[in-house]
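When reading the values below, keep in mind they use all heavy atoms of this one structure, side chains included, and skip hydrogens, waters and symmetry mates.
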There are 2 protein chains.
Amino acid sequence: MQDHFAHQHCGDCPIRHRAVCARCDSDELAALEQIKYYRSYQAGQTVIWSGDRMEFVGSVVTGIATLTQTMEDGRRQMVGLLLPSDFVGRPGRAVAAFDVTATTDLVMCCFRKKPFEEMMGRTPHIAQRLLEMTLDELDAAREWMLLLGRKTAREKIASLIAIIARREASLQVRRPKGVLSVDLPLTREEMADYLGLTLETVSRQMSALKKDGVISLEGNRHVMIPDLDRLLEEAGDDSDGGMLV
Amino acid sequence: MQDHFAHQHCGDCPIRHRAVCARCDSDELAALEQIKYYRSYQAGQTVIWSGDRMEFVGSVVTGIATLTQTMEDGRRQMVGLLLPSDFVGRPGRAVAAFDVTATTDLVMCCFRKKPFEEMMGRTPHIAQRLLEMTLDELDAAREWMLLLGRKTAREKIASLIAIIARREASLQVRRPKGVLSVDLPLTREEMADYLGLTLETVSRQMSALKKDGVISLEGNRHVMIPDLDRLLEEAGDDSDGGMLV
DNA sequence: CTCTCATGTTGATCTGAGTCAAGGCGTGCG
DNA sequence: CGCACGCCTTGACTCAGATCAACATGAGAG
């Protein structure tokens with residue numbers, strides 16, 4: 001398993017993951033290597049329960065995890081989607097604030113919290129890098145608040161698909177000219193939990209967008225987007241809104 | 001104006017504001033003093049428009065500001081409430097992502113971004129402190145996502161009042177035994193924008209909570225809470241949920 | 001003092017999304 | 001093979017909150 005990452009450009013250091021390799025000198029990297037370890041989870045497994053002591057911080061290497069919050073009566077809201085390179089946990093707080101669940105098989109690269117915090121104290125740019133990442137997440141969360149508070153069901157669905165599509169597109173080297181195609185990493189129910197809807201409404205709005213030619217479906221999880229601008233219009237997004245996740 | 005703050009315990013350094021004075025040595029404080037300055041805004045004035053270049057970072061000294069996002073058709077969502085000691089702006093990004101508006105008269109203590117960033121490079125614990133604060137804000141934003149996505153109008157109102165009440169209570173040295181009383185710093189419309197509701201619904205649910213004896217009103221902006229536990233129950237909050245804002 | 005304007009309340013009605021219920025795939029298993 | 005189970009779709013009905021509209025209150029300006 002670990003071999004798989006050995007020849008990735010940025011290895012698996014959570015700090016390097018987001019392209020700050022240049023700032024890590026070899027001593028620091030060696031130190032990080034010494035305290036890191038891996039954890040694997042199966043799809044559906046819970047990584048941490050809200051309220052649990054959290055002994056580690058880390059980042060996602062492969063797979064997808066979700067951050068969710070649940071009310072006593074079972075109402076559930078997903079508050080974050082963790083993709084490869086995303087950071088989990090917080091230096092300085094002992095207890096997890098949200099449930100973290102693996103929605104696919106998941107591999108995380110972890111550091112025990114204590115040594116990581118000590119390391120952070122000695123290596124200023126780690127805190128700076130984490131600060132940048134956290135500020136990005138905060139902006140994304142706030143963008144999501146607009147979606148949850150003010151968008152219609154149709155706009156919510158269109159926004160979600162657009163965000164996933166945009167991320168896929170940005171991973172590809174050249175922007176594809178023609179039809180974009182996207183794999184949804186979430187079930188209808190998970191989409192509903194993310195968007196503050198019910199799964200029935202998600203299903204209905206997907207059908208509606210399909211009927212109106214905004215998207216087409218191939219199986220349940222694969223979406224083709226003939227015209228990204230059209231989709232963005234349906235999403236009610238500000239012209240550029242492209243800075244997010 | 002500056003005299004007013006001279007004898008506050010923590011002065012106005014945004015880093016010290018949240019009780020890390022002990023970690024600031026005198027050289028650092030002197031350096032911060034040199035680059036800081038004040039800005040005042042009148043109630044209703046816009047501090048920054050989303051998309052504007054942001055030349056400074058800073059923290060609120062007195063007054064209240066809001067972070068909002070607006071769609072082209074005018075739908076508006078408040079995504080943050082800035083209270084004294086809250087930090088505004090982000091080292092590392094040139095452009096504001098949200099509108100910042102003063103809802104009351106507002107004084108901010110600012111630092112030009114460039115020198116502040118340089119300072120941050122030299123003074124590791126500033127980044128660490130900002131990281132902590134940002135993580136707190138992120139948790140609060142995620143908590144708010146549950147409210148926006150899943151709570152009923154009544155629960156939303158109760159939650160908002162509870163949050164404000166809790167903060168007031170925590171400022172007072174001794175927890176008051178009896179009736180808590182809270183000043184709402186927001187108009188009905190601003191509350192609606194914060195909660196993802198319309199102002200009519202806010203008004204109706206306030207009346208309903210009053211009729212049911214959960215709160216009582218004295219004027220429009222002053223709320224008395226005979227039983228905080230009852231209010232929390234109405235808010236649908238998890239037992240403790242007290243870690244936030 | 002009255003007028004105006006911003007703010008807040010309340011009522012009547014409408015509607016988007018939730019709820020309840022009935023199937024429809026597709027996959028894995030006995 | 002057929003059955004069960006997880007996931008998804010669709011229909012009928014309901015209801016919480018939005019919308020539209022009228023009116024109340026209070027503070028400041030002239």
In whole angstrom, give the distance that lies between atom CG of L186(B) and atom C1' of dT7(C). 14 Å
Base, sugar-phosphate or nothing for G196(A)? Non-hydrogen atoms, less than 4.0 Å. sugar-phosphate
I need the CG-P distance between D193(B) and dA18(D), as an integer number of Å. 12 Å
Verify, without hydrogens or angle tests, whether D86(A) (side chain) and L83(A) (backbone) share a donor-acceptor contact under 3.5 angstrom. yes
Should T201(A) be listed as having a side-chain N or O under 4.0 Å from OP1 or OP2 of dG18(C)? yes
Between P on dA18(D) and CD on Q77(B), what's the gap in Å once rounded to a whole number? 12 Å
Closer than 4.0 Å, any side-chain N/O of T198(A) to the OP1 or OP2 of dG18(C)? yes
Taking only side-chain N and O atoms of R204(B), does any of them lie within less than 4.0 angstrom of OP1 or OP2 on dA16(D)? no
Side-chain contact check for S203(A): nearest option of dT9(D), dT19(C), dT10(C) is dT9(D)
When you measure from the side chain of R93(B) to the backbone N and O of M54(B), does any donor-acceptor pair fall under 3.5 Å? no
Determine whether D99(A) and R76(A) satisfy the following criterion, salt bridge (charged side-chain N to carboxylate O under 4.0 Å, His left out), listing intermediate values before the conclusion. CA-CA 11 Å; D99(A) 297 337; R76(A) 176 186 297 273; 5.1 Å; no
To the nearest angstrom, how far is M191(B) atom CE from dG8(C) atom P? 9 Å
How many whole angstroms separate atom CD of Q205(B) from atom P of dT10(C)? 12 Å
For the side chain of L217(B), counting heavy atoms from C-beta on, which of dT9(C), dG8(C), dC20(C) is nearest? dT9(C)
Whole-Å gap separating P (dA17(C)) and CZ (R150(A)): 14 Å
Determine yes or no for a side-chain-to-main-chain donor-acceptor pair under 3.5 angstrom, with K151(A) supplying the side chain and A235(A) the backbone. yes
Check for a donor-acceptor pair, side chain of K156(B) on one end and backbone N or O of L195(B) on the other, with a separation under 3.5 Å. yes
Has S207(B) got a side-chain N or O lying under 4.0 Å from the OP1 or OP2 atom of dT10(C)? yes
Whole angstrom is fine here: how far is it from CG in L195(A) over to C1' in dG18(C)? 15 Å
So L197(B), base contact, sugar-phosphate only, or nothing? Heavy-atom distance under 4.0 Å. sugar-phosphate
Just compare dA17(C), dG17(D), dC8(D) and give me whichever is closest to any side-chain atom of R221(A). dC8(D)
Please check the phosphate of dG17(D) (OP1 and OP2 only) for any side-chain N or O of R154(B) closer than 4.0 Å. no
Between the base of dC20(C) and the side chain of E200(A), is there any donor-acceptor pair under 3.5 Å? yes
T104(B) (side chain) donor-acceptor with A43(B) (main chain) under 3.5 angstrom: no
Does a nitrogen or oxygen in the side chain of N220(A) sit under 4.0 Å from OP1 or OP2 of dG6(D)? no
Hey, does the side chain of R188(B) come within less than 4.0 Å of dT9(C)'s phosphate (OP1/OP2), counting only N and O? yes
Taking atom C1' of dT9(C) as reference, at what distance in whole Å does atom NZ of K210(B) sit? 10 Å
